[in-house]
Amino acid sequence: MIQNNLNKDLERKIDLYLNGRLSEEEIDNLWVELIQDGYYLDYMKSVANLKSIIEEKRESQTPGVAKQIRKYAGYVTAAAVVIFVGVLGVMNYSTTNTDPISPIDEIGLDIVRSGGGVSVNVSNEVIKKAVQLAADGSTQEAKDLLTTELDTEEDPALIAEFSITLGSIQYNLGEYEEAASNFKIATEQEGISESTLEKGYWLLANSYFQLDQLDEAKTAFQSTYDLDRDYSRIAKSYINALNSMDD
């Protein structure tokens with residue numbers, strides 16, 4: 001992509017964030033800017049990846065106590081990047097979307113694009129194959145694969161992951177009713193991780209929002225908020241916005 005709208009101030013904020021030098025309010029404001037700018041969303045991910053590589057090289061070259069200190073600092077930075085990129089992955093707004101209470105336009109599928117093509121950042125082979133198929137344009141084949149796996153899978157954690165992946169592909173195709181159905185299946189699984197449950201509720205809320213089922217959307221956003229994890233702050237802003245529409 002050719003950048004034709006340089007924003008040095010936004011680049012500086014991204015750098016400050018990655019170095020742990022922004023307040024919570026400043027981080028919230030940065031999110032608002034990035035979710036509406038596709039170029040700088042990609043820029044953020046690229047800088048985060050580069051920073052991680054540099055930290056790894058420094059760690060391998062730094063002996064003794066200093067190495068341990070740098071290693072700890074690297075963990076802190078990595079955790080921040082994972083949370084930030086994880087949130088932005090599902091908050092991938094188009095650059096023309098400026099409405100702060102619009103449902104998300106598209107759901108990220110853990111795809112990394114480079115000069116060598118597309119790679120998938122997941123470990124499960126079924127999900128990896130399905131995401132790869134979707135990235136290559138074979139969306140029906142991807143959906144069929146996940147549907148077949150769901151018909152026989154008994155592990156709640158895998159059922160939730162397969163359902164979220166299937167629902168995400170459907171959401172990106174505008175099949176919001178089908179997507180909502182699969183996200184709801186994910187949230188109904190017992191014993192799954194809170195991070196998976198939270199993601200299921202967040203995506204379910206956005207699916208309902210797309211369908212103009214605002215009461216159901218608000219309930220799902222509230223469930224997201226109640227988990228008090230990565231999507232909590234943004235879910236609260238949606239709840240407040242939806243509540244204001246009732247006034």
So T196 and S193, side chain to side chain donor-acceptor pair (under 3.5 Å) or not? Walk me through it.
-> CA-CA 5 Å; T196 300; S193 69; 2.9 Å; yes
In this structure, which one of L145, L150, T165 forms a side-chain contact (heavy atoms from CB on, under 4.5 Å) with V126?
->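 Single pass found, and it is L145.
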Residue [X] excluded, over 12 heavy atoms near [atom1] under 6.0 Å:
X: E26; atom1: CD; value: yes
X: E188; atom1: CD; value: yes
X: K184; atom1: NZ; value: no

Evaluate the side-chain contact (heavy atoms from CB on, under 4.5 Å) criterion for residues Y208 and L214: first the C-alpha distance (whole Å), next the side-chain angles of each, then the deciding distance (0.1 Å), finally the verdict.
-> CA-CA 7 Å; Y208 283 143; L214 301 187; over 6 Å; no
Taking atom types as modelled and ignoring hydrogens, do the side chains of Q170 and N182 form a donor-acceptor contact shorter than 3.5 angstrom?
-> yes
Donor on one side chain, acceptor on other, N206 and Q210, under 3.5 Å | no
Of the non-hydrogen atoms in [X] and [Y], which two are nearest, and what is the gap between them?
X: A186; Y: I164; value: CB-CG1, 3.7 Å
X: S163; Y: I185; value: OG-CG2, 3.5 Å
X: A134; Y: A142; value: N-CB, 4.0 Å

Apply the test side-chain contact (heavy atoms from CB on, under 4.5 Å) to residues I127 and V131: give CA-CA distance (whole Å), side-chain angles for both, the deciding distance (0.1 Å), then the verdict.
-> CA-CA 6 Å; I127 295 177; V131 171; 4.0 Å; yes
Could you name each residue pair satisfying ring-ring contact (aromatic ring centres under 6.0 Å, His included) that touches residues 133-156, not counting sequence neighbours?
->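 Matches after skipping sequence neighbours: none remain.
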Would you check if the distance from the ring center of Y238 to the ring center of W202 is below 6.0 Å?
->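 So the answer is yes for these two rings.
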Angle class for the Y171/Y176 ring planes (parallel below 30°, perpendicular above 60°, tilted otherwise)?
-> perpendicular
Is Q189 reaching over with its side chain to a backbone N or O of I159, donor-acceptor style, under 3.5 angstrom?
->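 No, because the side chain of Q189 does not come within donor-acceptor range (under 3.5 Å) of the backbone of I159.
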Between the main-chain N or O of A157 and the side-chain N or O of D155, is there a donor-acceptor pair closer than 3.5 Å?
-> yes
With the side chain counted from C-beta on, respond yes when [X] and [Y] share a heavy-atom pair under 4.5 Å apart, and no when they do not.
X: Y231; Y: Y201; answer: no
X: E161; Y: I192; answer: no
X: L227; Y: S232; answer: no
X: I169; Y: L146; answer: yes
X: D105; Y: N172; answer: no

Residue pair E175, K143: steps toward the side-chain contact (heavy atoms from CB on, under 4.5 Å) verdict | CA-CA 12 Å; E175 300 169 359; K143 290 190 294 181; 3.0 Å; yes
